[in-house]
Amino acid sequence: MGASRRTTEATELAGRLRLANARLYRRLRQEAGTGLSPSQQSALATIDIHGPITLGELAAAEQVTPPTTTKVVGKLEDMGLIARTVDPSDRRITRVSTTAEGRARLEHSRARRHAYLAARLEELGPDSVRRLHDAIDALEALAGSVPPPGGDTRATTPPTQTVIGP
């Protein structure tokens with residue numbers, strides 16, 4: 001097989017992978033049942049993972065502008081899902097963290113999405129489930145979360161990541 005054909009096949013596979021991932025992500029977002037926008041859901045998950053976090057750190061993690069972060073944080077705070085605190089070492093700095101209600105909302109969302117996926121997986125045959133296990137290993141290596149087969153560790157340090165969802 002020539003290099004050109006391999007490149008074409010890789011490009012076609014990349015397109016299919018991207019589209020399948022986007023469709024699955026959209027479906028899982030619909031299943032979340034949180035009543036939050038995708039931006040709010042993502043910010044809440046990031047705050048839960050990294051909090052207490054400054055608004056600047058949140059903006060960088062979410063790869064959005066500070067005004068967007070301020071707006072999203074304001075809405076999450078109004079809903080009682082996050083709380084602001086003043087940094088004790090520098091009173092000019094405000095940090096945000098999830099409240100018990102925010103953590104409960106995230107857990108509810110995760111449970112709904114896991115249940116949806118589990119039900120869909122049960123509809124697949126054993127061969128499809130086995131292939132999915134193999135594909136997940138490859139996807140994790142592609143995403144840089146685990147070393148690829150052969151021990152090449154160059155992919156284990158991912159670039160700046162945005163938390164899309166819990």
Side-chain angles (χ1 to χ4, degrees), residues 14-15 17-121 132-133 135-149 151-166:
L17 175 61
R18 184 198 53 75
L19 186 57
N21 186 56
R23 286 179 175 156
L24 181 59
Y25 174 68
R26 183 171 39 249
R27 182 66 181 149
L28 290 174
R29 218 177 44 223
Q30 293 167 352
E31 290 296 322
T34 61
L36 300 175
S37 73
S39 296
Q40 293 166 343
Q41 178 78 19
S42 181
L44 182 60
T46 298
I47 293 166
D48 191 54
I49 292 167
H50 299 290
I53 187 172
T54 67
L55 297 188
E57 291 165 341
L58 179 59
E62 292 293 302
Q63 297 180 353
V64 298
T65 64
T68 298
T69 300
T70 299
K71 182 177 178 183
V72 169
V73 163
K75 289 183 180 183
L76 292 172
E77 186 177 30
D78 290 347
M79 289 185 259
L81 303 178
I82 64 165
R84 294 181 198 239
T85 56
V86 175
D87 187 302
S89 64
D90 185 343
R91 300 200 52 81
R92 296 171 295 176
I93 298 174
T94 300
R95 296 187 179 276
V96 291
S97 57
T98 51
T99 62
E101 176 62 26
R103 285 186 295 282
R105 182 92 56 110
L106 285 170
E107 185 52 44
H108 175 75
S109 170
R110 288 181 188 118
R112 286 179 53 100
R113 286 178 288 153
H114 289 175
Y116 169 78
L117 274 178
R120 295 301 309 259
L121 288 170
L132 185 57
H133 274 284
I136 289 171
D137 290 342
L139 287 169
E140 287 174 339
L142 184 63
S145 57
V146 294
D152 183 354
T153 59
R154 288 176 292 177
T156 60
T157 306
T160 302
Q161 295 179 334
T162 299
V163 176
I164 297 179

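Each residue takes its place number in the sequence, starting with 1.
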Does the side chain of Leu36 reach to within under 4.5 Å of the side chain of Leu76, using non-hydrogen atoms? yes
Counting C-beta onward and ignoring hydrogens, is there a side-chain heavy-atom pair between Arg113 and Ser109 closer than 4.5 Å? yes
Identify the heavy atoms of Ala32 and His108 that sit nearest to each other, and give their distance. O-CD2, 4.3 Å
Other residues, nucleotides, ligands: >12 heavy atoms within 6.0 Å of Arg120 CZ: no
What pairs with Arg112 under salt bridge (charged side-chain N to carboxylate O under 4.0 Å, His left out), at least two apart in sequence or on another chain? none
Listing, residues 67-74 side-chain donor-acceptor contacts under 3.5 Å, not counting sequence neighbours, or none:
unit_1, atom_1, unit_2, atom_2, d
Thr68, OG1, Thr65, OG1, 3.0
Thr69, OG1, Thr65, O, 3.3
Thr70, OG1, Pro66, O, 3.0

Measuring from atom CG of Leu44 to atom CG of Leu106, what distance do you get when rounded to the nearest 0.5 angstrom? 4.0 Å
Determine whether Leu117 and Leu28 satisfy the following criterion, side-chain contact (heavy atoms from CB on, under 4.5 Å), listing intermediate values before the conclusion. CA-CA 8 Å; Leu117 274 178; Leu28 290 174; 3.8 Å; yes
Could you give the distance from CZ (Arg103) to OG1 (Thr98), rounded to the nearest 0.5 Å? 4.0 Å
Which heavy atom in Ile53 sits nearest to a heavy atom in Leu58, and how many Å separate them? CD1-N, 3.7 Å
Keeping the roles fixed (side chain from Thr94, backbone from Arg84), state whether a donor-acceptor pair exists under 3.5 Å. no
Mind checking the OG1-CE spacing from Thr34 to Met79? Nearest 0.5 Å is all I need. 8.5 Å
Hits for side-chain hydrogen bond (donor to acceptor under 3.5 Å, both in side chains) against Asp90, two or more places apart or cross-chain, chain-then-number order -> Arg92
So Arg18 and Asn21, do their side chains get closer than 4.5 Å, heavy atoms only? no
Could you walk me through whether Gln41 and Arg105 pass side-chain contact (heavy atoms from CB on, under 4.5 Å), step by step? CA-CA 9 Å; Gln41 178 78 19; Arg105 182 92 56 110; 5.5 Å; no
Applying salt bridge (Lys or Arg N to Asp or Glu O under 4.0 Å), which residue pairs with at least one partner in residues 23-37 are found, sequence neighbours left out? Arg27-Glu31
Side chain of Thr46, backbone of Ser42: donor and acceptor closer than 3.5 Å? yes
With a 4.5 Å cut-off on side-chain heavy atoms, are Leu142 and Leu17 touching? yes
With sequence neighbours left out, what residues match Thr54 under side-chain contact (heavy atoms from CB on, under 4.5 Å)? Glu57, Ile93, Arg95
Verify, without hydrogens or angle tests, whether Gln63 (side chain) and Ala60 (backbone) share a donor-acceptor contact under 3.5 angstrom. no
Gln40 CD to Ile47 CD1 distance, which is reported to the nearest 0.5 Å: 10.5 Å
